[in-house]
Every structure is written in C-alpha cells, then in structure tokens.
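Inspection log for the structure reproduced underneath, given as structure tokens.
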Amino acid sequence: MRVLVTGGAGFIGSHLIDRLIARHDEVRVIDNLSSGHSEFLEHHIHSAQFEFYHGDVCSLEDVIEATKGIECVFHLAANPDIRLGTQVTDTDLRQGTIATYNVVEAMRINEVKTIAFASSSVVYGENAPMPTPEDYGPCMPISLYGASKLAGEGLVSGWVGTFGLQGYIFRFANIVGSRATHGVTYDFVHKLRKNPNELEVLGNGLQEKSYMDVGDCVDAMLHIMSTRNDSLNVFNLGSHDTISVRDIARIVIEECEAKDAVISYTGGDRGWAGDIPKAMLSIDKMLETGFNVRMTSEEAIRHTARTVLKTLR
Ligand code: NAD
C-alpha cells in the first residue's frame with residue numbers, strides 16, 4: 001500500500017514507519033522537523049520504499065503535493081505540547097484544526113480513501129467516568145490541544161459522511177517508549193541528570209494516568225485497521241492500568257540511581273492549566289479486536305526511563 005505519514009519524523013510516527021516498511025508498504029513522510037528528528041528515520045533513507053518530503057501540514061499546497069498517489073494517510077503531525085497552547089493560543093488551532101482540515105481536503109482532492117487520525121484521551125475532558133468508553137459524551141475538553149483534537153475528529157467524521165472517506169480515530173492514552181522526546185518520564189530523567197539531588201514534580205504528584213508503550217500503540221493501530229472496516233472507526237488505545245506521578249518519580253529515581261534525590265512538589269492537583277489529573281481509557285473495544293498490550297503502565301515507564309538514559313550516556 002502507498003502510505004503517507006504526517007509527522008513521520010516524530011516519536012510515534014517513526015515507530016509506525018518501521019512497521020510499515022517491514023510490511024513492505026511504500027511510505028512517504030511529510031514533516032517540517034519542528035519537533036521530529038531526521039535521525040529517527042535515517043535507517044530508511046536509502047530504501048526504495050521510503051520518501052521524505054520536507055513540508056508543512058499548515059500549507060494546503062504542501063499537503064496536496066504530499067498526498068498525490070497515496071492510498072492511506074496516517075495523520076500524526078501536530079503540536080505535541082499541551083502547555084504551549086496556553087502561551088500562544090492559536091498554536092493548536094493552526095497545527096491541529098487547520099492542519100487536519102488541510103489533510104482531509106487534500107485527500108478529497110487527490111481521491112485518497114483512508115485516514116487514521118492520532119487523537120487523544122484528553123478529548124473526554126475531566127468529568128468522564130473511568131475507565132472511559134469510546135461512546136462517552138458529550139466530550140468537553142479543557143485544553144486548547146484537546147479542543148483541536150476534538151475538532152480534528154469532527155473534520156474526519158464530516159469528510160467521511162460527506163465525501164466517502166474511511167476514517168480511523170485513535171484516542172491515545174499517554175504514549176511512552178524509545179525515541180520519546182517529551183513527557184513526564186523524559187522530563188524527570190533530564191532533571192535528575194542535571195541535578196541528581198533534587199527532583200521537582202509539577203502538581204502534588206497524585207495525578208494518575210494510563211501509559212502505553214509506543215510499540216503497543218502502533219501495533220494496535222495496524223491491527224485494528226486490518227480487522228475493522230466500518231466507514232468510521234473510533235478506538236481508545238491504552239493499557240490495562242494507571243500509575244501515579246509519585247510512582248513514576250520513584251521509578252525514574254531508581255533507574256537514574258539518584259537515591260539521594262529530594263522530591264519537591266509545586267502543589268495543586270494538576271501539572272499545568274488544562275491538564276487532566278486522572279485518566280483511564282476503557283480498552284475493551286480494542287481488546288475485542290484480538291489485540292492486547294504487552295506492557296503495563298509501570299513496565300512502559302521503566303522501559304522509557306532506561307531508553308532515555310541510554311541516549312544520554
Ligand atoms: P512528536 O512531536 O514526536 O511528533 C510530531 C511530528 O509532527 C514531529 O515530527 C513534528 O516535526 C511534526 N510536525 C509538527 N507540526 C508540523 C507541521 N506543521 N508540519 C509538518 N510536520 C509537523 O509527537 P508524538 O508524541 O509522536 O505525537 C504524534 C501524534 O500523536 C500527535 O498528533 C499527538 O498529538 C498525538 N498524541 C500523542 C500522545 C503521546 O503521548 N505522545 C498522546 C496522544 C496523542
């Protein structure tokens with residue numbers, strides 16, 4: 001299959017590409033390298049199956065060019081930093097909502113059939129029952145990033161209903177693992193490498209969320225796309241359990257061998273404005289497809305701490 005991955009030089013995108021190349025797809029990437037890294041893809045650069053297009057999903061012209069001759073788009077490009085939205089308030093509008101409009105519109109113009117969209121658990125907002133099933137609603141996100149993800153879902157659904165696209169919407173839990181470039185584990189490892197005697201934790205540390213290894217995440221996407229064929233398919237992707245930020249701090253301190261580190265908490269029930277303190281997705285629908293995760297939240301966190309540490313040695 002001829003596939004386009006937007007944001008393919010990023011953390012999740014580069015793992016997805018490893019899988020797509022391994023299953024003999026022809027893969028094109030559009031990425032502006034704003035948070036991605038060309039090194040994540042350098043092992044494919046000489047492959048005849050692989051093509052890199054340095055472009056911006058905020059430009060409709062770039063996306064029209066990138067979608068020519070493509071059968072399926074994995075739309076992963078976005079601003080990955082929820083906190084940035086609080087400083088530059090049109091960030092998620094441009095890089096989330098408008099970018100997703102550009103992708104589905106370019107697909108309509110170039111008659112590309114299928115889109116897989118990287119959405120997020122944050123679309124559910126903070127009052128959802130836990131574990132949250134896919135049919136919970138109304139979805140009322142509390143961050144600008146979450147608003148743009150929900151808008152993106154609406155655009156995918158609109159283009160499915162109006163122009164006959166096929167859509168897969170994947171609401172990710174917190175995705176962690178090798179090549180992570182952001183997130184709580186990444187931050188803790190970097191803080192402890194800088195100063196092994198002190199670890200500042202945002203919030204009171206009681207935030208509790210579910211973490212999924214990136215390998216499980218991309219395998220789940222591909223498994224669901226090969227086993228489910230509705231016009232619009234909405235799936236939560238996560239693991240079976242949660243872990244608190246305090247426990248993550250403990251694990252990272254162990255892995256960094258920083259046993260003298262004193263933990264300080266900035267206080268409050270959340271790390272930043274728009275953060276959701278507790279989240280756990282129902283993964284029953286994913287499990288019904290026959291896919292199961294290999295790692296618990298704790299295993300995924302420990303594995304991430306080790307791989308981040310390795311890159312610093
Ligand atoms: P990432 O930052 O590693 O990857 C995003 C990629 O998109 C990067 O390579 C970046 O250079 C590229 N990009 C950003 N803006 C672009 C633009 N305007 N034009 C072209 N390329 C652009 O982030 P990630 O963690 O791999 O996230 C991938 C997707 O999954 C994102 O849509 C993110 O919102 C979503 N998601 C991630 C998580 C998580 O825990 N990592 C959770 C929920 C949803």
Side-chain angles (χ1 to χ4, degrees), residues 4-18 28-41 52-63 65-67 73-85 88 90-103 106 115-124 141 143-153 156 169-187 209-218 220-221 235-239 275-276 279 281 297 300-301 304:
L4 174 71
V5 182
T6 77
F11 162 51
I12 301 172
S14 62
H15 283 275
L16 175 66
I17 288 165
D18 290 348
R28 186 182 296 154
V29 171
I30 177 170
D31 201 299
N32 66 359
L33 299 179
S34 53
S35 59
H37 299 269
S38 50
E39 307 89 86
F40 291 171
L41 297 173
F52 185 84
Y53 176 52
H54 193 289
D56 191 336
V57 291
C58 296
S59 153
L60 180 59
E61 291 73 32
D62 282 3
V63 190
E65 194 55 36
T67 44
V73 176
F74 289 86
H75 177 37
L76 274 65
N79 157 45
D81 183 358
I82 299 190
R83 278 169 281 185
L84 194 62
V88 185
D90 65 351
T91 304
D92 297 298
L93 176 71
R94 289 183 290 100
Q95 294 185 37
T97 311
I98 304 287
T100 303
Y101 162 78
N102 289 341
V103 170
I115 181 167
F117 175 57
S119 187
S120 164
S121 62
V122 300
V123 297
Y124 293 117
S143 62
L144 309 192
Y145 168 87
S148 81
K149 286 296 181 195
L150 190 57
E153 291 192 6
V156 170
I169 289 171
F170 294 111
R171 294 176 176 156
F172 298 163
N174 292 275
I175 310 301
V176 294
S178 63
R179 303 182 194 146
T181 52
H182 48 88
V184 60
T185 314
Y186 178 90
D187 284 349
K209 301 180 191 180
S210 169
Y211 293 80
M212 182 186 211
D213 178 67
V214 64
D216 280 337
C217 171
V218 297
M221 287 169 76
F235 281 84
N236 289 335
L237 300 188
S239 56
D275 183 25
I276 293 171
L281 296 172
S297 291
I301 293 293
T304 306

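Numbers here simply count residues along the sequence, with the first being 1. Each ligand, and each atom within it, is numbered from 1 in the order the structure gives.
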Option nearest [atom] (shortest heavy-atom distance, choices [options]):
atom                    : options              : result
atom 12 (C) of ligand 1 : T91, D31, N79        : D31
atom 15 (N) of ligand 1 : S59, S34, G96        : S34
atom 43 (C) of ligand 1 : F172, F11, F74       : F172
atom 16 (C) of ligand 1 : N32, N174, V214, V29 : N32
atom 37 (C) of ligand 1 : I12, V5, L33         : I12

Identity and separation of the nearest protein heavy atom to [atom]:
atom                    : result
atom 7 (O) of ligand 1  : G7 CA, 3.3 Å
atom 4 (O) of ligand 1  : G10 CA, 3.5 Å
atom 19 (N) of ligand 1 : V57 N, 2.9 Å
atom 40 (O) of ligand 1 : I175 N, 2.8 Å

Using a plain distance cutoff, I'd like to know if [X] has any nitrogen or oxygen under 3.5 Å from a nitrogen or oxygen of ligand 1.
X   : result
G13 : no
L76 : yes
D56 : yes
S35 : yes

Quiz prompt | Electrostatic pair D275:K209 at N-O distance under 4.0 angstrom | solution = yes

Give a yes/no on ligand 1: does [X] have at least one heavy atom closer than 4.0 angstrom to it?
X    : answer
H182 : yes
K149 : yes
A9   : yes
S119 : yes
G55  : yes

Do [X] side-chain atoms and [Y] backbone N/O form a donor-acceptor pair below 3.5 Å?
X    : Y    : value
T185 : I301 : no
T6   : L76  : yes
D56  : N32  : no
D31  : A9   : yes
N79  : D92  : no
R94  : C58  : no
S297 : Y211 : yes

Residue part near ligand 1, for [X], under 4.0 Å between non-hydrogen atoms:
X    : result
P80  : side chain
A173 : backbone
Q95  : side chain

Distance filter under 4.0 Å to [X] heavy atoms, resulting ligand 1 atoms:
X    : result
A77  : 7 (O), 13 (N), 21 (N), 22 (C)
Y145 : 33 (C), 34 (O), 35 (C), 36 (N), 43 (C), 44 (C)
G36  : 8 (C), 9 (O), 10 (C), 11 (O)
C58  : 18 (N)
S120 : 43 (C), 44 (C)

Quiz item: Could you walk me through whether R179 and V214 pass the side chain to side chain contact (heavy atoms under 4.5 Å, CB included) check?
Solution: CA-CA 9 Å; R179 303 182 194 146; V214 64; over 6 Å; no

Quiz prompt | Contact summary for G177 and T304, nearest pair of heavy atoms | solution = N-OG1, 3.0 Å

Practice problem: Report the relative orientation of the aromatic rings in H37 and F40; use parallel for angles under 30°, tilted for 30 to 60°, perpendicular for over 60°. | Solution: tilted

Practice problem: Give me the ring orientation class for F11 and H182: parallel if the planes are under 30° apart, tilted from 30 to 60°, perpendicular past 60°. | Solution: perpendicular

Practice problem: For Y101, check ring-ring contact (aromatic ring centres under 6.0 Å, His included) against everything at least two apart and list the hits. | Solution: W159

Quiz item: So, do L150 and E153 sit near enough that their side-chain heavy atoms are less than 4.5 Å apart?
Solution: yes

Self-check item: pair P141-V122: side-chain heavy atoms closer than 4.5 Å
Solution: no

